Amino acid sequence: MILTNCEGRVGVNKAREVLINNGSSLDAIEQGIRLIEADTTIDSVGRGGSPNLLGEMECDAAIMDGSNLLAGSIGALKDYLHAISVARAVMEKLPHVMLVGEGAHQFAQEINAEKADMLSDEARIKHEKWIRENVSTDDMKNWPNVSLAKYAWLSGKDYASGGTVVFLAIDAKENIVAGTSTSGWARSYPGRLGDSPIIGAGLYADNRYGACACTHNGEMTIRTSTARSVILYMKKGASVKEACNEAMRDLLYLHEGQIGAVVIHAIDKNGNACVVSSHDLKEKSSYYLWKDEMKSIEHKQAEVIKL
Ligand code: ASP
């Protein structure tokens, strides 16, 4: 079984092929996400994704193995094409769960991860346009040595340009895995980490119950530990749908700070799926679902539960 969101479109066939050929859910997810990271037409993940306020690409990714609760995560990774593979290597080669910044860079180098110029021309042009249109004349004189905080808030207002690829999969051995990859919140404060690399917020997997991954306002799902909450609600007896609804209700309690859309994707260990969105995001809250018994991959729309 595979569930991925709209960003996963170009990788879902590959992930399915891995599972059909008896591959593991870890391989299916990694290989699916690698295609999205390399695709410059997807403006929220990997090469061609959205840079931070300084015009730098900082990528986050994570993977969690539900069979043993091992997890690997990488934050603010620059200059490497496949953050998901670096995250998987953190899980498999280090005693750690998460690396960020310079250490992430050093580790990527150590495992010979593929280097790349992550800022596409389109993303650079879009970024420069936003800077021209939003930075005050005074600040422009000293840019970027100015107070960036107000621009982080400003970029949060038009936070439609966010996005993450999320994959949830169950393989023939019934191992459940969750994976994420993103260039994060477009024009965020440099060094900002969203929920995508945070185990328990942006993703969680546990073979005993299921898996969950979130997209959009990561600040919110970090504050309510959304992905882990969904699994915990299932552990306490909720169906996957009830668990997603309850986690959405937790988000409703948030009124201050960055508030906006959240989409929750979840599956249970029996292959039941649920995707709920706090807003009608049209294509951005659509998802792809494939199960063994299905002839083809289905493209579906999240159920909207208003925040
Ligand atoms: N959740 C991601 C983050 O906070 C971005 C997104 O999915 O829009 O970085």
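Keep in mind that the numbers below use all heavy atoms, side chains included, and drop hydrogens, waters and symmetry copies. Remember, it's 1-based here, ligands and their atoms both numbered in the order they're listed. Quick caveat: nothing in here was measured; it's all calculated off a predicted structure.
Checking only distances, Asn217 never comes within under 3.5 Å of ligand 1, N or O to N or O. Geometrically, ligand 1 and Gly194 share no nitrogen or oxygen pair separated by less than 3.5 Å. Of the polar atoms of Thr215, none of the N or O atoms is found under 3.5 Å from an N or O of ligand 1, judged by distance alone. Residue-to-ligand polar distances place His216 within reach of ligand 1: an N/O pair is separated by less than 3.5 Å. The distance criterion of under 3.5 Å between nitrogen or oxygen atoms is not met by Gly184 with respect to ligand 1.
Close contacts between ligand 1 and Asp195 involve ligand atoms 1 (N), 2 (C), 3 (C), 4 (O) [criterion: under 4.0 Å to a heavy atom]. Counting atoms of ligand 1 from 1 in the listed order, those under 4.0 Å from a heavy atom of Ser196 are 1 (N), 2 (C).
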Under 3.5 Å, which donor-acceptor pairs do the side chains of residues 95-113 form with other protein atoms, sequence neighbours left out?
none

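Interatomic distance, NZ of Lys291 versus CE of Met1, reported as 5.0 Å (0.5 Å rounding).
Counting heavy atoms only, Thr164 comes closest to atom 6 (C) of ligand 1 of the residues Thr164, Val166, Val165.
Between the side chains of Tyr233 and Asn245, not a single donor N or O lies within less than 3.5 Å of an accepting N or O.
Heavy atoms only, all atoms of each residue included: Val230 and Ala266 are closest at CG1-CB, 3.9 Å. Nearest heavy atoms, Cys6 versus Lys284: SG-CA, 3.8 Å.
Heavy atoms of Arg192 found under 4.0 angstrom from ligand 1 belong exclusively to the side chain.
Residue pairs meeting the salt bridge (Lys or Arg N to Asp or Glu O under 4.0 Å) criterion with at least one partner in residues 20-35, sequence neighbours excluded, are Asp27-Arg88, Glu30-Arg88.
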